[in-house]
S.K.: 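Below is one structure. I have some questions about it.
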Amino acid sequence: MVNYKDLGLVNTREMFKRAVAGGYAIPAFNFNTMEQMQAIVQAAVETKSPVIMQVSKGARNYANASILRYMAEGAVAYAKELGCEHPEIVLHLDHGDSFELCKDCIDMGFSSVMIDGSHLPYEENIALAKKVVDYAHQFDVTVEAELGVLAGVEDEVSAAESHYTKPEEVIDFATRTGCDSLAISIGTSHGAHKFTPEQCTLVNGVLVPPPLAFDILAEIEKKLPGFPIVLHGSSSVPMDEVNTINQYGGKLDAAIGIPEDQLRKASKSAVCKINIDSDSRLAMTAAIRKHLAEHPGDFDPRQYLKPARENMKKMYIHKIVNVLGSDGKLAIQ
Ligand code: 13P
(Lines give C-alpha, C1' and ligand atoms only; values in the text may rest on other atoms or scores of the structure.)
Protein backbone atom coordinates (compact mmCIF):
# COMPACT_ATOMS: atom_id res chain seq x y z
CA MET A 1 0.00 0.00 0.00
CA VAL A 2 1.45 3.35 -1.02
CA ASN A 3 -0.17 6.75 -0.63
CA TYR A 4 -0.01 9.15 -3.57
CA LYS A 5 1.27 11.95 -1.33
CA ASP A 6 4.48 10.00 -0.84
CA LEU A 7 4.92 9.98 -4.65
CA GLY A 8 4.60 13.77 -4.95
CA LEU A 9 1.18 13.55 -6.63
CA VAL A 10 -1.87 15.63 -5.69
CA ASN A 11 -5.62 14.91 -5.72
CA THR A 12 -8.09 17.03 -7.68
CA ARG A 13 -9.86 18.85 -4.82
CA GLU A 14 -7.95 22.13 -4.65
CA MET A 15 -7.20 22.40 -8.36
CA PHE A 16 -10.89 21.92 -9.23
CA LYS A 17 -11.96 24.55 -6.71
CA ARG A 18 -9.58 27.04 -8.31
CA ALA A 19 -10.58 26.02 -11.85
CA VAL A 20 -14.32 26.45 -11.22
CA ALA A 21 -13.74 29.84 -9.56
CA GLY A 22 -11.26 30.94 -12.23
CA GLY A 23 -13.29 29.90 -15.29
CA TYR A 24 -10.83 27.45 -16.79
CA ALA A 25 -10.47 23.66 -17.02
CA ILE A 26 -7.69 21.24 -16.11
CA PRO A 27 -6.47 19.02 -18.96
CA ALA A 28 -6.92 15.29 -18.42
CA PHE A 29 -4.66 13.56 -20.92
CA ASN A 30 -4.62 9.78 -21.26
CA PHE A 31 -1.25 8.07 -21.50
CA ASN A 32 0.14 4.61 -22.04
CA THR A 33 3.55 5.22 -23.59
CA MET A 34 6.69 6.90 -22.34
CA GLU A 35 6.57 9.45 -25.18
CA GLN A 36 3.05 10.55 -24.22
CA MET A 37 4.12 10.90 -20.60
CA GLN A 38 7.18 12.96 -21.55
CA ALA A 39 5.17 15.21 -23.87
CA ILE A 40 2.46 15.79 -21.23
CA VAL A 41 5.01 16.72 -18.56
CA GLN A 42 6.99 18.98 -20.90
CA ALA A 43 3.80 20.77 -21.97
CA ALA A 44 2.56 21.18 -18.37
CA VAL A 45 5.93 22.50 -17.17
CA GLU A 46 6.37 24.94 -20.07
CA THR A 47 2.89 26.36 -19.58
CA LYS A 48 2.92 26.18 -15.75
CA SER A 49 -0.32 24.22 -15.80
CA PRO A 50 -1.69 21.66 -13.36
CA VAL A 51 -2.32 18.41 -15.23
CA ILE A 52 -4.22 15.15 -14.83
CA MET A 53 -2.48 12.10 -16.26
CA GLN A 54 -5.04 9.41 -16.70
CA VAL A 55 -4.83 5.70 -17.16
CA SER A 56 -7.67 3.57 -18.49
CA LYS A 57 -8.22 -0.12 -17.86
CA GLY A 58 -7.08 -0.72 -21.46
CA ALA A 59 -3.88 1.24 -20.82
CA ARG A 60 -3.15 -0.90 -17.75
CA ASN A 61 -3.66 -4.03 -19.84
CA TYR A 62 -1.39 -2.67 -22.57
CA ALA A 63 1.46 -1.22 -20.56
CA ASN A 64 1.20 -3.00 -17.18
CA ALA A 65 -0.34 -1.34 -14.11
CA SER A 66 2.89 -1.09 -12.11
CA ILE A 67 4.82 0.41 -15.00
CA LEU A 68 2.25 3.17 -15.47
CA ARG A 69 2.26 3.93 -11.76
CA TYR A 70 6.04 4.23 -11.74
CA MET A 71 5.85 6.38 -14.87
CA ALA A 72 3.58 8.80 -12.99
CA GLU A 73 6.04 8.87 -10.10
CA GLY A 74 8.73 9.49 -12.71
CA ALA A 75 6.61 12.28 -14.18
CA VAL A 76 6.84 14.20 -10.90
CA ALA A 77 10.62 13.78 -10.79
CA TYR A 78 10.88 14.73 -14.47
CA ALA A 79 8.79 17.90 -13.97
CA LYS A 80 11.11 18.95 -11.15
CA GLU A 81 14.15 18.19 -13.28
CA LEU A 82 12.67 20.45 -15.96
CA GLY A 83 12.60 23.30 -13.44
CA CYS A 84 9.10 23.11 -11.99
CA GLU A 85 9.59 23.08 -8.23
CA HIS A 86 5.95 22.51 -7.31
CA PRO A 87 4.28 20.50 -10.06
CA GLU A 88 0.60 19.62 -9.63
CA ILE A 89 0.21 16.21 -11.22
CA VAL A 90 -2.79 13.97 -10.61
CA LEU A 91 -2.63 10.26 -11.41
CA HIS A 92 -6.21 9.35 -12.26
CA LEU A 93 -7.96 6.10 -13.16
CA ASP A 94 -10.15 6.72 -16.20
CA HIS A 95 -13.39 4.68 -16.42
CA GLY A 96 -12.90 2.37 -13.47
CA ASP A 97 -15.59 -0.26 -13.90
CA SER A 98 -15.49 -2.02 -10.52
CA PHE A 99 -14.83 -1.34 -6.86
CA GLU A 100 -11.89 -3.78 -6.98
CA LEU A 101 -10.16 -1.92 -9.84
CA CYS A 102 -10.58 1.43 -8.06
CA LYS A 103 -9.28 -0.04 -4.80
CA ASP A 104 -6.29 -1.55 -6.57
CA CYS A 105 -5.39 1.84 -8.06
CA ILE A 106 -5.87 3.68 -4.75
CA ASP A 107 -3.69 1.10 -2.99
CA MET A 108 -0.92 1.54 -5.56
CA GLY A 109 -0.72 5.33 -5.36
CA PHE A 110 -3.38 6.86 -7.63
CA SER A 111 -4.57 10.22 -6.31
CA SER A 112 -7.93 10.17 -8.07
CA VAL A 113 -10.23 7.52 -9.53
CA MET A 114 -13.30 7.47 -11.72
CA ILE A 115 -15.97 4.92 -11.00
CA ASP A 116 -18.10 4.64 -14.11
CA GLY A 117 -21.44 3.09 -13.25
CA SER A 118 -23.24 5.20 -15.85
CA HIS A 119 -24.47 2.10 -17.71
CA LEU A 120 -26.07 0.70 -14.53
CA PRO A 121 -29.58 1.40 -13.24
CA TYR A 122 -29.62 4.64 -11.22
CA GLU A 123 -29.69 3.09 -7.72
CA GLU A 124 -26.89 0.64 -8.60
CA ASN A 125 -24.77 3.48 -9.98
CA ILE A 126 -25.24 5.32 -6.67
CA ALA A 127 -24.44 2.26 -4.53
CA LEU A 128 -21.25 1.48 -6.48
CA ALA A 129 -20.04 5.08 -6.51
CA LYS A 130 -20.69 5.44 -2.77
CA LYS A 131 -18.73 2.28 -2.01
CA VAL A 132 -15.74 3.65 -3.94
CA VAL A 133 -16.06 7.10 -2.32
CA ASP A 134 -16.18 5.59 1.17
CA TYR A 135 -12.95 3.70 0.51
CA ALA A 136 -11.15 6.47 -1.42
CA HIS A 137 -11.85 9.24 1.07
CA GLN A 138 -10.10 7.33 3.86
CA PHE A 139 -6.91 8.07 1.91
CA ASP A 140 -7.91 11.53 0.67
CA VAL A 141 -8.22 10.20 -2.89
CA THR A 142 -10.82 12.08 -4.94
CA VAL A 143 -13.57 10.32 -6.90
CA GLU A 144 -15.27 11.16 -10.20
CA ALA A 145 -18.61 9.50 -10.93
CA GLU A 146 -20.78 9.67 -14.05
CA LEU A 147 -24.45 10.29 -14.73
CA GLY A 148 -25.76 9.99 -18.28
CA VAL A 149 -24.21 7.90 -21.04
CA LEU A 150 -21.73 8.98 -23.72
CA ALA A 151 -21.80 7.24 -27.07
CA GLY A 152 -18.64 5.98 -28.76
CA VAL A 153 -15.88 3.49 -28.21
CA GLU A 154 -12.82 3.95 -26.05
CA ASP A 155 -10.63 1.04 -25.02
CA GLU A 156 -13.11 -1.33 -23.38
CA VAL A 157 -15.80 1.28 -22.84
CA SER A 158 -18.47 1.46 -25.48
CA ALA A 159 -22.07 2.53 -25.88
CA ALA A 160 -24.18 2.70 -29.02
CA GLU A 161 -26.25 5.69 -28.00
CA SER A 162 -25.84 8.65 -25.73
CA HIS A 163 -28.31 9.64 -23.02
CA TYR A 164 -28.01 13.18 -21.77
CA THR A 165 -27.62 13.68 -18.03
CA LYS A 166 -30.94 14.47 -16.38
CA PRO A 167 -30.48 17.68 -14.35
CA GLU A 168 -33.25 16.62 -11.95
CA GLU A 169 -31.07 13.72 -10.76
CA VAL A 170 -27.78 15.49 -10.05
CA ILE A 171 -28.44 16.80 -6.53
CA ASP A 172 -29.63 13.42 -5.27
CA PHE A 173 -26.73 11.65 -7.01
CA ALA A 174 -23.98 13.97 -5.79
CA THR A 175 -25.36 14.06 -2.24
CA ARG A 176 -25.90 10.34 -1.84
CA THR A 177 -22.62 9.24 -3.45
CA GLY A 178 -20.43 11.95 -1.91
CA CYS A 179 -18.44 12.08 -5.17
CA ASP A 180 -15.98 14.94 -5.69
CA SER A 181 -16.78 15.58 -9.34
CA LEU A 182 -19.42 14.56 -11.82
CA ALA A 183 -18.95 13.51 -15.45
CA ILE A 184 -21.98 14.47 -17.50
CA SER A 185 -23.31 13.74 -20.96
CA ILE A 186 -24.19 16.82 -23.03
CA GLY A 187 -23.26 15.74 -26.55
CA THR A 188 -19.59 14.73 -26.47
CA SER A 189 -18.58 11.15 -27.22
CA HIS A 190 -15.48 8.98 -27.21
CA GLY A 191 -13.24 8.32 -30.21
CA ALA A 192 -12.34 10.05 -33.48
CA HIS A 193 -15.75 9.57 -35.11
CA LYS A 194 -18.10 11.50 -32.89
CA PHE A 195 -20.59 12.56 -35.54
CA THR A 196 -21.64 11.36 -38.98
CA PRO A 197 -21.39 13.92 -41.82
CA GLU A 198 -25.21 13.78 -42.00
CA GLN A 199 -25.43 15.14 -38.45
CA CYS A 200 -23.26 18.14 -39.40
CA THR A 201 -23.81 21.37 -41.28
CA LEU A 202 -21.40 22.45 -44.02
CA VAL A 203 -20.02 25.92 -43.17
CA ASN A 204 -17.32 27.35 -45.50
CA GLY A 205 -16.34 23.83 -46.57
CA VAL A 206 -16.06 22.57 -42.97
CA LEU A 207 -18.45 20.06 -41.39
CA VAL A 208 -19.71 21.65 -38.17
CA PRO A 209 -21.36 19.27 -35.69
CA PRO A 210 -24.40 20.14 -33.60
CA PRO A 211 -23.54 22.27 -30.54
CA LEU A 212 -23.18 20.80 -27.07
CA ALA A 213 -26.27 20.96 -24.84
CA PHE A 214 -25.25 24.08 -22.92
CA ASP A 215 -28.82 24.43 -21.66
CA ILE A 216 -28.46 21.14 -19.77
CA LEU A 217 -25.05 22.22 -18.43
CA ALA A 218 -26.59 25.50 -17.20
CA GLU A 219 -29.40 23.63 -15.45
CA ILE A 220 -26.89 21.32 -13.76
CA GLU A 221 -24.83 24.30 -12.63
CA LYS A 222 -27.93 25.90 -11.18
CA LYS A 223 -28.71 22.76 -9.18
CA LEU A 224 -25.13 22.21 -7.98
CA PRO A 225 -23.52 25.65 -7.77
CA GLY A 226 -19.73 25.44 -7.88
CA PHE A 227 -19.68 21.64 -8.11
CA PRO A 228 -16.86 20.33 -10.37
CA ILE A 229 -18.19 19.02 -13.69
CA VAL A 230 -16.20 16.78 -16.06
CA LEU A 231 -16.44 16.43 -19.83
CA HIS A 232 -15.31 13.18 -21.39
CA GLY A 233 -14.97 12.64 -25.13
CA SER A 234 -13.57 16.09 -25.79
CA SER A 235 -11.06 15.58 -28.59
CA SER A 236 -11.42 18.03 -31.45
CA VAL A 237 -10.05 15.62 -34.07
CA PRO A 238 -7.94 18.29 -35.86
CA MET A 239 -8.39 18.10 -39.62
CA ASP A 240 -4.70 18.76 -40.33
CA GLU A 241 -3.72 15.60 -38.40
CA VAL A 242 -6.44 13.56 -40.08
CA ASN A 243 -5.34 14.87 -43.50
CA THR A 244 -1.68 14.03 -42.75
CA ILE A 245 -2.65 10.50 -41.73
CA ASN A 246 -4.68 10.04 -44.91
CA GLN A 247 -2.01 11.66 -47.10
CA TYR A 248 0.60 9.18 -45.87
CA GLY A 249 -1.31 5.96 -46.33
CA GLY A 250 -3.91 6.07 -43.56
CA LYS A 251 -7.62 5.71 -44.01
CA LEU A 252 -9.63 7.75 -41.55
CA ASP A 253 -12.99 8.48 -43.09
CA ALA A 254 -15.33 11.10 -41.72
CA ALA A 255 -13.42 11.72 -38.50
CA ILE A 256 -15.21 14.58 -36.72
CA GLY A 257 -14.63 15.94 -33.20
CA ILE A 258 -15.87 18.66 -30.85
CA PRO A 259 -15.09 22.16 -32.14
CA GLU A 260 -12.60 23.92 -29.87
CA ASP A 261 -14.78 26.99 -29.42
CA GLN A 262 -17.38 24.74 -27.76
CA LEU A 263 -14.74 23.45 -25.34
CA ARG A 264 -13.49 26.97 -24.68
CA LYS A 265 -17.02 27.99 -23.75
CA ALA A 266 -17.45 24.91 -21.50
CA SER A 267 -14.12 25.61 -19.76
CA LYS A 268 -15.44 28.95 -18.57
CA SER A 269 -18.32 27.23 -16.74
CA ALA A 270 -18.26 24.69 -13.88
CA VAL A 271 -16.61 22.26 -16.29
CA CYS A 272 -13.20 21.94 -14.69
CA LYS A 273 -11.79 18.72 -16.22
CA ILE A 274 -11.71 18.02 -19.95
CA ASN A 275 -10.68 14.55 -21.17
CA ILE A 276 -8.55 14.31 -24.28
CA ASP A 277 -7.18 11.03 -25.64
CA SER A 278 -7.94 10.66 -29.35
CA ASP A 279 -6.19 13.92 -30.30
CA SER A 280 -2.96 12.57 -28.81
CA ARG A 281 -3.35 9.34 -30.77
CA LEU A 282 -3.93 11.33 -33.97
CA ALA A 283 -0.93 13.62 -33.36
CA MET A 284 1.32 10.63 -32.72
CA THR A 285 0.11 8.59 -35.69
CA ALA A 286 0.26 11.54 -38.11
CA ALA A 287 3.88 12.32 -37.19
CA ILE A 288 4.97 8.67 -37.40
CA ARG A 289 3.27 8.07 -40.76
CA LYS A 290 4.80 11.27 -42.21
CA HIS A 291 8.26 10.48 -40.90
CA LEU A 292 8.32 6.91 -42.15
CA ALA A 293 6.94 7.89 -45.56
CA GLU A 294 9.62 10.56 -45.94
CA HIS A 295 12.43 8.41 -44.45
CA PRO A 296 11.72 4.87 -45.64
CA GLY A 297 15.17 3.71 -44.54
CA ASP A 298 14.67 4.62 -40.87
CA PHE A 299 14.11 1.75 -38.48
CA ASP A 300 15.35 3.09 -35.13
CA PRO A 301 12.11 3.85 -33.18
CA ARG A 302 13.74 7.00 -31.79
CA GLN A 303 13.85 8.44 -35.30
CA TYR A 304 10.08 8.45 -35.66
CA LEU A 305 9.03 8.64 -32.00
CA LYS A 306 10.91 11.90 -31.51
CA PRO A 307 8.80 13.84 -34.03
CA ALA A 308 5.75 12.03 -32.67
CA ARG A 309 6.57 13.27 -29.16
CA GLU A 310 7.14 16.81 -30.47
CA ASN A 311 3.82 16.79 -32.28
CA MET A 312 1.93 15.60 -29.19
CA LYS A 313 3.64 18.23 -27.05
CA LYS A 314 2.60 20.95 -29.51
CA MET A 315 -0.99 19.70 -29.33
CA TYR A 316 -0.98 19.54 -25.49
CA ILE A 317 0.36 23.10 -25.25
CA HIS A 318 -2.26 24.32 -27.71
CA LYS A 319 -5.07 22.74 -25.66
CA ILE A 320 -3.74 24.16 -22.38
CA VAL A 321 -3.20 27.70 -23.64
CA ASN A 322 -5.84 28.22 -26.32
CA VAL A 323 -8.69 25.94 -25.32
CA LEU A 324 -8.75 25.12 -21.59
CA GLY A 325 -6.99 28.20 -20.24
CA SER A 326 -5.06 26.40 -17.49
CA ASP A 327 -1.68 27.96 -18.31
CA GLY A 328 -0.04 29.85 -15.47
CA LYS A 329 -2.47 28.31 -12.96
CA LEU A 330 -0.07 26.39 -10.69
CA ALA A 331 -0.72 27.29 -7.04
CA ILE A 332 3.00 27.96 -6.54
CA GLN A 333 4.69 29.22 -9.71
P1 13P B 1 -11.67 11.43 -26.72
O2 13P B 1 -11.81 10.10 -27.40
O3 13P B 1 -12.60 12.45 -27.28
O4 13P B 1 -10.27 11.89 -26.68
O5 13P B 1 -12.14 11.23 -25.20
C6 13P B 1 -11.25 10.73 -24.23
C7 13P B 1 -11.92 10.48 -22.93
O8 13P B 1 -13.01 10.91 -22.66
C9 13P B 1 -11.21 9.66 -21.94
O10 13P B 1 -12.04 9.28 -20.89
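Both counts, for ligands and for their atoms, begin at 1 and track the order of listing. The structure presented is a predicted model; accordingly, all values stated were derived computationally and were not measured.
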S.K.: Are any of the heavy atoms in R281 under 4.0 Å away from ligand 1?
M.R.: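 No, R281 has no heavy atom closer than 4.0 Å to ligand 1.
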S.K.: Would you mind checking if E73 and R69 are paired as a salt bridge, meaning a charged N to carboxylate O distance below 4.0 Å?
M.R.: yes
S.K.: Check this for me, if you would: do K17 and E14 make a salt bridge, where the nitrogen-to-carboxylate-oxygen distance has to be below 4.0 angstrom?
M.R.: yes
S.K.: Could you tell me whether some N/O pair between D279 and ligand 1 is separated by less than 3.5 angstrom?
M.R.: no
S.K.: When rounded to the nearest 0.5 angstrom, what distance separates CG in N3 from CE in M108?
M.R.: 13.5 Å
S.K.: Indicate the atoms forming the closest heavy-atom contact of I184 with L150, along with that distance.
M.R.: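 Shortest heavy-atom contact: O-CD1, 3.8 Å.
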S.K.: Quick check on contacts: which atoms of ligand 1 are under 4.0 angstrom from a heavy atom of S278?
M.R.: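 Per the distance check, 1 (P), 2 (O), 4 (O).
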S.K.: Output the list of atoms in ligand 1 that are nearer than 4.0 Å to some heavy atom of H95, sorted by atom number.
M.R.: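 In order of number, 10 (O).
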S.K.: Which atoms of ligand 1 have any heavy atom of H232 under 4.0 Å away?
M.R.: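 In order of number, 8 (O), 10 (O).
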S.K.: Main chain of D180, side chain of T142: is a donor-acceptor contact present, judged purely on distance under 3.5 Å?
M.R.: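 Absent.
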S.K.: Does the plane of the ring in H291 sit parallel, tilted or perpendicular to the ring in Y304? Use 30° and 60° as the thresholds.
M.R.: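 Tilted.
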S.K.: Between D277 and ligand 1, does any nitrogen or oxygen pair lie at a separation below 3.5 Å?
M.R.: yes
S.K.: Under a 4.0 Å heavy-atom limit, does S234 contact ligand 1 with its side chain, its backbone, both, or neither?
M.R.: backbone
S.K.: Given 3.5 Å as the limit, does a donor-acceptor pair link the side chain of D279 with the main chain of V237, or not?
M.R.: yes
S.K.: Which one holds for N30 and ligand 1: side chain close, backbone close, both close, or neither close, with close meaning a heavy atom under 4.0 Å?
M.R.: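 The part of N30 near ligand 1 is the side chain, not the backbone.
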S.K.: Below 3.5 Å, N or O to N or O, backbone or side chain included: is there any such pair between I276 and ligand 1?
M.R.: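 No; the residue has no nitrogen or oxygen that sits under 3.5 Å from a nitrogen or oxygen of the ligand.
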S.K.: Which of the numbered atoms in ligand 1 are under 4.0 angstrom from any heavy atom belonging to K194?
M.R.: 1 (P), 2 (O), 3 (O)
